[in-house]
Amino acid sequence: HLDGYVRCTLASERKVMTVETYITLQEATQKYNLHAQLLTRFIADGKIRGGKLNGTFVLSEKDARQVAKQQATKEDLRSKVVHLEGRPIGVREASRKYSLNSGTISRWAKLGYIRVLSSGTRGQKTLVDESDVAYAKELTKVQQTGQGKDVFTPEFAPDWF
């Protein structure tokens, strides 16, 4: 494998061009403290550049660095709301408390992004995990998403998803 950046000069343009650095999957997991399964899924889904070279998985170091940064952000955001883990909250109450649309919260719950603690049947309200709603609210701040934009992008999806 190649350590560092490879530089080549284009004689016709007299510009120095930097060629993308690729590292092995094992190097990426060690250097950036990432799970191999996460990286291989991102490669398969086309979210990061990589593939097999002589039977070894390789990926863009720049992409691995970006995933590590996003994962750190995800962990930081989760740590802000961990004290709410397992605390039940009704969808309407969560909507008011976190300034999120109740229909959106319900949709996230149906999709599995927000855990349902108690299903509302026959007049009873649906209770969701407050930490998940608070996490979603934190995501809206970090990602600066607008109406109709996906908050739970693959890099910020809950670990159980």
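Index from 1, following the sequence.
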**Report entry** side chain to side chain contact (heavy atoms under 4.5 Å, CB included) partners of Thr73, counting only residues at least two apart
**Finding:** Leu77, Val142, Phe156

Query raised in the report: In chain order, what residues pass the side chain to side chain donor-acceptor pair (under 3.5 Å) check against Asn101, with sequence neighbours excluded?
Result: none

Query - Sequence-distant partners of Ile43, side chain to side chain contact (heavy atoms under 4.5 Å, CB included), two or more places apart - result: Ile48, Phe57, Leu59

Query - Nearest atoms (heavy-atom pairs only) where Ser95 meets Ser102 - result: OG-N, 3.4 Å

Query - Sidechain-backbone polar pair: Thr29 side chain, Ala36 backbone, donor-acceptor under 3.5 Å - result: no

Query - Sub-4.5 Å side-chain heavy-atom contact between Lys62 and Arg65 - result: yes

Report summary line: Applying side chain to side chain contact (heavy atoms under 4.5 Å, CB included) to Ser106 and not counting sequence neighbours gives Val91

Requested in this report: Would you check if there is a donor-acceptor pair between the side chains of Glu27 and Tyr32 at a distance under 3.5 Å?
Outcome: no

**Report entry** Val116 versus Ser119, closest heavy-atom pair with distance
**Finding:** CG1-N, 4.0 Å

Query raised in the report: Do the non-hydrogen side-chain atoms of Val58 and Ile23 ever get within less than 4.5 Å of each other?
Result: no

Query raised in the report: With a cut-off of 6.0 Å (strictly less than), are more than 12 heavy atoms of other residues, nucleotides or ligands near CD of Glu85?
Result: yes

**Report entry** side-chain contact (heavy atoms from CB on, under 4.5 Å) evaluation trace for Trp108 with Val151
**Finding:** CA-CA 10 Å; Trp108 287 337; Val151 171; 3.9 Å; yes

Query raised in the report: Looking at residues at least two apart in the chain, or sitting in another chain, which of them share a side chain to side chain donor-acceptor pair (under 3.5 Å) with Asp45?
Result: Lys47

Report task. To the nearest 0.5 Å, tell me how far Gln30 CD sits from Leu25 CG. Result -> 10.0 Å

Report task. Enter the distance from Ser60:OG to Glu20:CD here, rounded to the nearest 0.5 Å. Result -> 3.5 Å

Requested in this report: May I ask you to decide whether Asp132 forms a salt bridge with Arg87, counting only side-chain N to carboxylate O separations under 4.0 Å?
Outcome: no

Query raised in the report: Is any side-chain heavy atom of Val81 closer than 4.5 Å to a side-chain heavy atom of Val133?
Result: no

Query raised in the report: Are Glu61 and Thr21 linked by a side-chain donor-acceptor pair shorter than 3.5 Å?
Result: no

Query raised in the report: How are the rings of Tyr135 and Phe152 set to each other: parallel, tilted or perpendicular (split at 30° and 60°)?
Result: tilted

Report task. Supply the atom-to-atom distance Lys137 NZ to Ile105 CD1, rounded to the nearest 0.5 angstrom. Result -> 9.5 Å

Requested in this report: Please test Arg49 against Tyr22 for side-chain contact (heavy atoms from CB on, under 4.5 Å), starting from the C-alpha separation and ending with a verdict.
Outcome: CA-CA 9 Å; Arg49 293 167 288 179; Tyr22 281 74; 3.6 Å; yes

Requested in this report: State the CG-CD distance between Leu38 and Gln70, to the nearest 0.5 angstrom.
Outcome: 9.5 Å

Report summary line: Here the gap from Leu117 atom CG to Glu130 atom CD, rounded to the nearest 0.5 Å, amounts to 10.5 Å

Query raised in the report: Distance-only, no hydrogens or angles: does the Asp129 side chain make a donor-acceptor pair with backbone N or O of Arg115 under 3.5 Å?
Result: no

Query - Residues which pass salt bridge (Lys or Arg N to Asp or Glu O under 4.0 Å) with Lys74, listed by chain and number, not counting sequence neighbours - result: Asp159

Query - CG on Asp63 to CG on Leu39, rounded to 0.5 Å - result: 10.0 Å

**Report entry** Residues Arg78 and Glu138 bridged, charged N to O under 4.0 Å
**Finding:** no

Report task. Look at Glu93 together with Arg96 and state whether they make a salt bridge at an N to O cut-off of under 4.0 Å. Result -> no

